[in-house]
Amino acid sequence: MAVSEFFQRVYEMVARIPRGKVVTYGQIAAALGAPRQARTVGWALHSAPEWLDIPWHRVVNRSGGISTRHTIGELSIQRGLLEDEGIVFNEDGRLDLKRYRWAGI
DNA sequence: ACGGTGACGAGAT
DNA sequence: TATCTCGCCACCG
């Protein structure tokens, strides 16, 4: 499928993630039938237009950690948004995927 | 065309 | 468990 279509599907999928839950980049790629394109999923979110207003912060890496360096000073924007939804991070700056992963994708 | 980069991930050590 | 290595692929200069 064309790249733009792939990006479009990524956005549709991310839009369905419920508040307080997360999915991984690889999860999205696999669900789209492209298990080796996790990096492309990351790129899609990186370049997602603001007006789409999708919950991009609900996508984390395989370790339950934050990949983006989107910050305000030392503070991670993504972590802040997730904590606002009740998600708790451990001392290593990672969340428990066994607990927060959304399998409905 | 080409090599470097990165919001990734799996496997080896 | 932590770290390293390598494959992956869109984008950019």
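Here the structure is a predicted model, which means the values were calculated and not measured.
Looking at residues 95-105 of chain A, you'll see that no heavy atom sits under 4.0 Å from any atom of DNA chain B.
Residue whose closest nucleotide on DNA chain C sits further toward the 5' end, between A/Gln37 and A/Asp92: A/Asp92.
Listed by first and then second residue, the side chain to side chain donor-acceptor pair (under 3.5 Å) pairs that reach into residues 89-99 of chain A are A/Asp96-A/Lys98, sequence neighbours excluded. For the side chain to side chain donor-acceptor pair (under 3.5 Å) condition, the pairs that include at least one residue of residues 62-73 of chain A, sequence neighbours left out, are A/Asn61-A/Ser67. Among residues at least two apart or in separate chains, there is no salt bridge (charged side-chain N to carboxylate O under 4.0 Å, His left out) pair with a member in residues 20-32 of chain A.
Scored by the side-chain contact (heavy atoms from CB on, under 4.5 Å) test, A/Ala44 finds A/Phe7, A/Val10, A/Tyr11 as partners (sequence neighbours excluded). Residues forming a salt bridge (Lys or Arg N to Asp or Glu O under 4.0 Å) with A/Glu12 (at least two apart in sequence, or on another chain): none. Evaluation of the salt bridge (Lys or Arg N to Asp or Glu O under 4.0 Å) rule for A/Glu74 yields no partner, not counting sequence neighbours. In this structure A/Arg39 satisfies the salt bridge (Lys or Arg N to Asp or Glu O under 4.0 Å) test with no other residue, sequence neighbours excluded. The salt bridge (Lys or Arg N to Asp or Glu O under 4.0 Å) search around A/Arg101 returns none, not counting sequence neighbours.
Interface limits on DNA chain C: the 5'-most and 3'-most nucleotides within less than 4.0 Å of chain A heavy atoms are C/dA2 to C/dC11.
A/Leu97 belongs to a hydrophobic cluster whose remaining members, ordered by chain and number, are A/Val22, A/Val60, A/Ile66, A/Leu82, A/Ile87, A/Val88, A/Phe89, A/Leu95, A/Tyr100; membership requires side-chain heavy atoms of ILVMFWY residues under 4.5 Å apart, directly or through intermediates.
Two residues are said to be in side-chain contact when any heavy atoms from C-beta on lie closer than 4.5 Å; A/Leu45 and A/Ile54 meet this criterion.
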Counting primed atoms plus P, OP1 and OP2 as sugar-phosphate and everything else as base, spell out the protein contacts along nucleotides 1-13 of chain B at 4.0 Å heavy-atom distance: B, S or - for each nucleotide, 5' to 3'.
-----BBBSS---

